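Bear in mind that the values here come from a model prediction, so they are computed numbers and not experimental data.
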Amino acid sequence: MSGFQSPRGLRDLLEPLASAHGWAVDRAWAAADAAGYARIELPFAEESALFERAVGGTSDIVSKELFRLEPRGDDAVALALRPEATAGMVRAYLQHGMRSQPQPVRLATVAHLFRYDRPQKGRYRQFTQFDVEAIGDSGPGSDLEVIALGAAYLRDLGLTDVEVHLNSVGCATCRPAFVALLQAHFASIAPQLSEVDRSRLAANPLRLLDSKEPVAVAHAATAPRITDHLCAACASHHAAITKGLATIGVTVVAAPSIVRGLDYYTRTAWEYLLPGEQGQQGALGGGGRYDGLVELLGGTATPAIGFAIGIDRVVLALEERGLLPEHAKGPAIVVAGIEPESIALRIATALELRAAGVSARADISSRKIGKQLEGAVRDGARAVIIVEPDGRLTLRDLTEASQGEPAERGAVIAAARRLVQGKG
RNA sequence: GUGGCCAUCGUUCAAUGGUUAGGACCGCGGUUUGUGGAGCCGCAGAUGAGGGUUCAAUUCCCUCUGGCCACCCCA
């Protein structure tokens, strides 16, 4: 053993997970392309201050989970690895003057993110998100479009029973009154609340709704629901979304416990969950409307909405359900040879096969031909091409256990191609 | 960041305060020398790291590292 191992929370993806992960990422880009969302690739690091502003300096994500980079030389600004993608998205929107494009600006990315968190299954220090944002539209249409896009992505991967757990967190007009109402509801049992919950009661009462403490959970059941206390504008927005999702055919579950801690979040908040395995790994993804963020980062007031779906969790869910796509096996053709001197010729032949669109690899060993055949079988190859001492080639069909006569290169390669492609 | 469980070949299991830590799978080689996954034979490969207790530790204790679970939070 080498003595080195991957650092905590940072893992290697081996097959078949590596292929599955890549597949889920490819499908994410494809889903974005198909919906007319522009691809954007963002840097892995940004100014720390961007995250402190966008995510909130007191949030866990910034206060204890940020991977801060050691400053070097005369760097003017402190940098950090990105813990989420939205901040960079909005930064890019502002930096590149996208407000002069038709609104909303539709952007999508697949981002590798970093959080200095305590790892668990489905939670790693480096993870990947499919991130979609529609910036510049305040109507319920952009909510519907974005929510449906995420749900369709998950459904198309095979997670056909995704549920959208939906809530509204109101706006600056209606939320303060509701928070006060909520505070009053919990104040009556304050002495029985746990210490964390009591501090939440003072600092962020909405969080009481998703507390895990039994006392708070019990009391939350009878708590007022924000969706019953929205202002007229928020209420009609929320109603339009609920109705629209029904039309679109998305399974919706009302989820009054979905809350967001920061002021710039407004109205729609949702999570993508799978029934049956809710809990431990949390949601597959989540999204929300953040009408206050662009302005917070220095732009003019601009409404926006987006979601992030955790690719790692998606792959985990697919794996647990046996829905991972069969990953590509070995090459269709293995080029073997009788004599060690033929190794270069074997490789040249494999190259030619690939150029002809047939996956192939050469057996580069000096093993006996029997061992080479055995290796080809184990690799799942369809056929073997044997390089004869005279340089001619013999095609052997491994499925039929039949073998042709030695022939010239072009003819054998063409035959191999027919064999492989004919099989489909 | 808090609490808890865990750690033996690449994988999966076994064993013990005391000779060379055992099996299976995988890998490699052989099976008489140019044709297939079996069988048979053989080879390689581990006590995560560092301390401590002890005549003796893989086994008991501590620290570290890593994994998992719950919390926190989130994807």
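- Between A:R207 and B:C74, a side-chain N or O to OP1/OP2 separation shorter than 4.0 Å is present.
- Between B:U31 and B:U16, the two C1' atoms lie 38 Å apart (nearest whole Å).
- For the pair A:R289 and A:Y265, the cation-pi criterion (under 6.0 Å, within 45° of the ring axis) is not fulfilled.
- Taking atom OH of residue A:Y153 and atom P of nucleotide B:A75, one finds them 16 Å apart after rounding to whole Å.
- Whole-Å rounding puts the A:Q120 CD to B:G3 P distance at 15 Å.
- Between B:C74 and A:R313, no contact under 4.0 Å exists linking OP1 or OP2 to a side-chain N or O.
- Residue A:E84 is classed as having no contact, given no heavy-atom separation below 4.0 Å to the nucleic acid.
- Looking at heavy-atom distances under 4.0 Å, A:E388 makes contact with a base.
- Picking from B:G34, B:C68, B:A75 the nucleotide with the shortest atom distance to the side chain of A:P389 gives B:G34.
- For the C1' atom pair drawn from B:U54 and B:C60, the interatomic distance equals 10 Å after rounding to whole Å.
- Spacing of P atoms, B:A7 relative to B:U47, comes out at 16 Å, to the nearest Å.
- Where A:A308 and A:A401 each meet RNA chain B at their nearest nucleotide, the meeting point lying more 5' is that of A:A401.
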For residues 35-46 of chain A, run the donor-acceptor check on the side chains, cut-off 3.5 Å, and write out each pair with its distance to 0.1 Å, sequence neighbours left out.
{"residue": "A:Y37", "atom": "OH", "partner": "A:E145", "partner atom": "OE2", "Å": "2.5"}
{"residue": "A:R39", "atom": "NE", "partner": "A:D33", "partner atom": "OD1", "Å": "3.0"}
{"residue": "A:R39", "atom": "NE", "partner": "A:D33", "partner atom": "OD2", "Å": "3.4"}
{"residue": "A:R39", "atom": "NH2", "partner": "A:D33", "partner atom": "OD2", "Å": "2.6"}
{"residue": "A:E46", "atom": "OE1", "partner": "A:R91", "partner atom": "NH1", "Å": "2.9"}
{"residue": "A:E46", "atom": "OE2", "partner": "A:R91", "partner atom": "NH1", "Å": "2.5"}

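- When the P atom of B:G30 is taken as reference, atom NZ of A:K371 falls 6 Å away, rounded to whole Å.
- Contact between the side-chain N/O atoms of A:R200 and the OP1/OP2 oxygens of B:C72 is found at a separation under 4.0 Å.
- Residue A:D397 is classed as a base contact, given a heavy-atom separation below 4.0 Å to a base.
- Between A:N204 atom CG and B:C73 atom P there is a gap of 9 Å when expressed in whole angstrom units.
- A perpendicular orientation is assigned to the rings of A:F307 and A:Y272, their planes being inclined by more than 60° (bins at 30° and 60°).
- Distance NZ (A:K121) to P (B:C69): 6 Å, rounded to an integer number of Å.
- The gap from the P atom of B:U63 to that of B:C5 amounts to 12 Å, rounded to the nearest Å.
- Counting to the nearest Å, the C1' atom of B:C74 and the CG atom of A:L273 are 12 Å from each other.
- Spacing between atom CD of A:Q129 and atom C1' of B:A75 amounts to 5 Å, rounded to whole angstrom units.
- Helical stems involving RNA chain B, defined as 3 or more consecutive Watson-Crick or G-U pairs under 3.5 Å, span B:1-7 with B:65-71, B:10-13 with B:22-25, B:27-31 with B:39-43, B:48-52 with B:60-64.
- Between the CZ atom of A:R118 and the C1' atom of B:C5 there is a distance of 12 Å, given to the nearest Å.
- No donor-acceptor contact under 3.5 angstrom links the side chains of A:D131 and A:T109, judged on distance only.
- As judged by a 4.0 angstrom heavy-atom cut-off over every strand, A:L398 is placed among the base-contacting residues.
- Comparing B:G37, B:C72, B:U35 by their closest approach to the side chain of A:Q403 singles out B:U35.
- For the C1' atoms, the distance from B:C28 to B:A70 is 45 Å, rounded to whole Å.
- Between the P atoms of B:A38 and B:G52, the separation comes to 49 Å (whole Å).
- Residues passing the ring pair (Phe, Tyr, Trp, His ring centres under 6.0 Å) test with A:Y153, sequence neighbours excluded: A:F130.
- For the residue pair A:D210 / A:S257, no side-chain donor-acceptor distance below 3.5 Å is found, with atom types taken as modelled.
- When heavy atoms are screened at a 4.0 angstrom cut-off, A:G375 is found touching no nucleic acid atom at all.
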What's touching nucleotides 63-65 of chain B from the protein side, N or O pairs under 3.5 Å?
{"residue": "B:U65", "atom": "O2'", "partner": "A:Q5", "partner atom": "NE2", "Å": "2.8"}

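- Applying the salt bridge (Lys or Arg N to Asp or Glu O under 4.0 Å) rule to pairs touching residues 348-358 of chain A yields A:E352-A:R409, sequence neighbours excluded.
- A:R125 approaches A:Y116 most closely through the heavy-atom pair NH1-CE1, 3.2 Å.
- A:H185 pairs by the ring pair (Phe, Tyr, Trp, His ring centres under 6.0 Å) definition with A:H219, not counting sequence neighbours.
- Applying side chain to side chain contact (heavy atoms under 4.5 Å, CB included) to A:F127 and the options A:R11, A:H112, A:R313, A:R115 leaves one that passes, A:R115.
- Side-chain nitrogen and oxygen atoms of A:K368 include at least one within less than 4.0 Å of the OP1 or OP2 phosphate oxygen of B:U31.
- A gap of 35 Å separates the P atoms of B:C40 and B:U58, to the nearest Å.
- Side-chain contact, A:Q403 with A:T394: no donor N or O sits under 3.5 Å from an acceptor N or O.
- For A:R378, the side-chain atoms get nearest to B:A38 when compared with the rest of B:C71, B:G67, B:A38.
- Looking at A:H238 and A:N167, their side chains never bring a donor and an acceptor atom within 3.5 Å of each other.
- B:G50 and B:G66 are spaced 15 Å apart, taking the C1' atom of each and rounding to whole Å.
- No contact: A:I311 has no heavy atom under 4.0 Å from any strand.
- Two residues, A:G370 and A:R367, neighbour RNA chain B, and the one matched to the more 5' nucleotide by heavy-atom proximity is A:R367.
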